[in-house]
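Beneath this line is the structure, given in structure tokens, with notes to follow.
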Protein chains: 2
Amino acid sequence: MSQRNTGVTSQAVTAEACPVQEVLDRVSGKWSVGILVAAAQGPIRFTELERAVTGISRRMLTLTLRNLERDGLLTRTVYPTVPPRVEYEVTPVARELYETLLRLTDWAERHRTTIHRSRVAYDAEHAAPA
Amino acid sequence: MSQRNTGVTSQAVTAEACPVQEVLDRVSGKWSVGILVAAAQGPIRFTELERAVTGISRRMLTLTLRNLERDGLLTRTVYPTVPPRVEYEVTPVARELYETLLRLTDWAERHRTTIHRSRVAYDAEHAAPA
DNA sequence: CGGCATCCACGAGGATACTG
DNA sequence: CAGTATCCTCGTGGATGCCG
């Protein structure tokens with residue numbers, strides 16, 4: 001997820017998969033969702049985001065913020081005060097996305113243990129053939 | 001286990017984001033969804049998948065397949081016939097995931113033009129300050 | 001047919017430092 | 001405070017070749 005997406009390898013995966021892929025590409029990048037979630041609570045400042053999204057670097061925060069803004073998922077408001085103050089806020093579109101993301105969360109939570117068990121079983125069967 | 005992991009880089013982003021991130025990580029990798037969609041139609045063979053998921057390499061197909069199988073999203077059935085025959089089939093859990101993925105598709109389609117316009121506007125305003 | 005192993009290219013993203 | 005710029009690492013995934 002860079003400002004200049006040179007590697008747009010996403011082509012026609014499957015007729016039905018295209019739109020999904022599109023969303024996934026937009027939401028991917030490991031930080032987008034975190035930022036979206038943090039901003040979903042209400043207007044939030046740059047530094048606040050930096051602290052809210054654990055582990056993100058200044059660079060990636062800026063980059064991801066720009067992308068989200070570009071896609072119309074976040075609005076950027078600059079207050080020309082002496083200590084600069086910038087606030088980010090999710091748009092209605094992003095809020096809708098957030099809602100559907102919640103479905104995914106739900107799915108993840110419901111099957112978390114099942115998946116985990118599946119992994120353990122798989123690993124046991126494939127890493128310890130003895 | 002000298003293989004490289006396709007896209008399982010789960011981390012702690014934000015308390016609320018964790019589960020989402022977990023799903024996203026599992027579904028990311030650019031091929032998982034395509035494979036899931038192709039397999040959702042019913043049992044499908046390796047070569048069929050290779051053709052169904054446009055642009056995927058043999059390597060990535062195998063890798064992603066393994067990950068999906070490991071997570072219990074796909075079942076792998078080997079028929080010990082003379083020309084080897086392996087069939088992959090989505091599990092109920094994966095089918096549920098597929099359903100929620102459809103919500104995302106819906107979101108993407110509903111806001112596709114909006115987002116596209118937002119991008120154009122953003123680019124116009126930021127790349128051509130004149 | 002259905003893989004796995006190897007080599008390699010590229011770009012996402014971390015660390016660090018500087019600025020308005 | 002809110003970025004921007006630069007360097008560098010390393011994971012992701014493409015290409016190719018061999019094997020059961």
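Just so we're clear, the structure is a prediction, and the values are computed from it rather than from any experiment. Throughout, a chain's letter reflects where its sequence line sits, starting with A, and its residues are numbered from 1.
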Practice task
Output yes when at least one side-chain N/O atom of A/R59 is less than 4.0 Å from OP1 or OP2 of C/dA17, else no.
Solution key: no
Practice task
Select from A/P84 and A/I56 the residue whose nearest nucleotide in DNA chain C is closer to the 5' end of that strand.
Solution key: A/I56
Problem - Protein-nucleotide distance (A/M60, atom CE; D/dC10, atom P), rounded to Å - result: 17 Å
Exercise for the section: Look at B/R119 together with B/D123 and state whether they make a salt bridge at an N to O cut-off of under 4.0 Å. Expected result: no
Handout entry: Nucleotide D/dA2, atom P - distance to CD of A/E69 in whole Å
Key = 14 Å
Exercise for the section: Specify the separation, in whole Å, of atom CG of A/L49 and atom C1' of D/dA2. Expected result: 12 Å
Problem - B/T62 vs C/dG3: side-chain N/O to OP1/OP2 distance below 4.0 Å - result: no
Practice task
State whether A/Y88 places a side-chain N or O below 4.0 Å from either non-bridging phosphate oxygen (OP1 or OP2) of D/dC1.
Solution key: no
Practice task
Take atom CZ of A/R58 and atom C1' of C/dT16, then tell me their distance rounded to the nearest Å.
Solution key: 11 Å
Exercise for the section: Answer yes or no: is there a side-chain heavy-atom contact under 4.5 Å between B/F46 and B/L65? Expected result: yes
Exercise for the section: Establish, with yes or no, whether the OP1 or OP2 oxygen of D/dG14 is under 4.0 angstrom from a side-chain nitrogen or oxygen of B/K30. Expected result: yes
Handout entry: Flag side-chain contact, heavy atom, 4.5 Å: B/W107 against A/E99
Key = no
Practice task
Answer yes or no: does a side-chain N or O of B/R66 lie under 4.0 Å from OP1 or OP2 of C/dG3?
Solution key: yes
Handout entry: Atom-pair distance (CD on B/E50; P on D/dG13), nearest Å
Key = 17 Å
Exercise for the section: Determine whether B/L101 and B/V37 make a side-chain contact, defined as any pair of heavy atoms from C-beta on separated by less than 4.5 Å. Expected result: no
